[in-house]
Participant: 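Questions regarding the structure given below will be posed in turn.
On a predicted model such as this, the values are computed, not experimentally measured, just so you know.
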Amino acid sequence: TIGNGGWNNSLVISNGGQVFNSHGVHGDNFMGSSSNSALVTGPGSLWKNSSDLEIGGYGSANTLVISNGGWVTTSYAYIGYNSSDNSVLVTGLGSVWSNSTSIQLYAAGNQLVIRDGGQVISGSSAVALGSGTILVTDPGSIWSNGSYLDFSGFKGSSMVISNGGHVICADGTLSASNNSVRI
């Protein structure tokens with residue numbers, strides 16, 4: 001756990017470093033834990049969670065950055081499980097966030113950005129409960145969902161696919177109200 005009731009804590013995995021654990025959380029505690037960060041950067045750098053990963057369990061403004069060929073793997077992930085304004089950035093060729101089951105964005109202001117050739121892989125994904133944003137941009141940037149991508153929030157979640165970015169899914173749903181996808 002990065003930031004269990006605290007602020008401005010950081011985890012950096014770089015230069016081929018590797019971390020293996022079962023359950024990863026940053027920004028966790030009912031009292032709030034904000035502005036905690038994790039960076040996985042460089043070829044061979046790996047953060048492997050055998051179960052789930054929460055970016056913003058109960059705190060806001062927590063970040064995960066995967067860059068320059070870093071990898072993060074997990075079974076499933078939440079961005080902003082019970083909190084707002086958390087973000088994940090996957091950027092650079094060879095940078096991968098791989099989830100064997102699902103990614104879910106909850107609450108307001110949570111964000112996923114895939115750019116400059118970064119890749120996100122998930123079995124399925126849901127954007128729920130309000131005003132999450134997704135940006136997939138630049139050639140080589142891919143978000144691949146094995147089964148479905150579901151926008152089911154009521155407060156206006158959005159996704160933009162631009163400048164050669166790709167989103168792949170077997171089934172996509174825009175439901176509830178005020179959700180948008182722009183290509």
Side-chain angles (χ1 to χ4, degrees), residues 24-27 37-40 47 49 52-57 59-68 70-183:
V25 183
H26 51 294
S37 65
L39 170 65
V40 183
W47 186 10
N49 296 273
D52 64 320
L53 175 62
E54 296 176 19
I55 299 95
S60 63
N62 298 287
T63 62
L64 168 63
V65 175
I66 307 164
S67 67
N68 299 319
W71 276 63
V72 173
T73 67
T74 187
S75 175
Y76 58 97
Y78 299 98
I79 303 173
Y81 184 67
N82 283 298
S83 59
S84 62
D85 302 315
N86 301 285
S87 67
V88 175
L89 169 63
V90 184
T91 182
L93 289 173
S95 302
V96 176
W97 185 21
S98 177
N99 296 271
S100 59
T101 55
S102 68
I103 296 173
Q104 299 189 34
L105 279 80
Y106 282 98
N110 293 302
Q111 185 177 66
L112 171 62
V113 176
I114 307 163
R115 71 179 191 208
D116 297 323
Q119 296 188 31
V120 174
I121 302 162
S122 53
S124 62
S125 297
V127 184
L129 305 181
S131 65
T133 60
I134 299 162
L135 173 64
V136 184
T137 186
D138 305 319
S141 300
I142 298 171
W143 187 12
S144 179
N145 290 277
S147 58
Y148 70 87
L149 176 57
D150 182 12
F151 285 78
S152 57
F154 289 94
K155 296 183 180 176
S157 294
S158 66
M159 178 167 66
V160 174
I161 307 165
S162 69
N163 194 34
H166 285 74
V167 173
I168 302 164
C169 61
D171 185 21
T173 302
L174 283 169
S175 59
S177 302
N178 302 312
N179 298 299
S180 68
V181 174
R182 182 165 58 111
I183 304 168

Participant: Going by heavy atoms in the side chains, are L135 and T133 under 4.5 Å from each other?
Facilitator: no
Participant: Suppose we screen for side-chain contact (heavy atoms from CB on, under 4.5 Å). Which residues come up paired with I168, at least two apart in sequence or across chains?
Facilitator: I142, S144
Participant: Using the side-chain contact (heavy atoms from CB on, under 4.5 Å) criterion, which residues pair with S147? Sequence neighbours excluded.
Facilitator: S124
Participant: Contact between W47 and T74 at the side-chain level, heavy atoms closer than 4.5 Å - yes or no?
Facilitator: no
Participant: What residues form a side-chain contact (heavy atoms from CB on, under 4.5 Å) with I121, not counting sequence neighbours?
Facilitator: V96, S98
Participant: Output yes when a side-chain donor or acceptor of T63 lies under 3.5 Å from a complementary backbone atom of S87, and no otherwise.
Facilitator: no
Participant: List for me each residue that meets side-chain contact (heavy atoms from CB on, under 4.5 Å) alongside S75, sequence neighbours excluded, and say none if there are none.
Facilitator: S100, T101
Participant: Suppose we screen for side chain to side chain donor-acceptor pair (under 3.5 Å). Which residues come up paired with S122, at least two apart in sequence or across chains?
Facilitator: S125, W143, N145
Participant: With sequence neighbours left out, what residues match D85 under side chain to side chain donor-acceptor pair (under 3.5 Å)?
Facilitator: none
Participant: Within a strict 4.5 Å, meaning less than it, do heavy atoms of the R115 and L89 side chains meet?
Facilitator: yes
Participant: Sequence neighbours left out, what passes ring-ring contact (aromatic ring centres under 6.0 Å, His included) with Y76? Give chain and number order.
Facilitator: Y78
Participant: Of all residues at least two apart in sequence or in a different chain, which pass the side chain to side chain donor-acceptor pair (under 3.5 Å) check with S67?
Facilitator: T41
Participant: Once rounded to the nearest 0.5 Å, what's the spacing between atom CD1 of I79 and atom CG of L112?
Facilitator: 5.0 Å
Participant: Identify, with sequence neighbours excluded, every residue that meets side chain to side chain donor-acceptor pair (under 3.5 Å) alongside T137.
Facilitator: S162
Participant: Quick one: OG1 on T173 to CG on D150, what's the gap to the nearest 0.5 Å?
Facilitator: 5.0 Å
Participant: Is there a side-chain contact between L149 and V181 (heavy atoms, below 4.5 Å)?
Facilitator: no
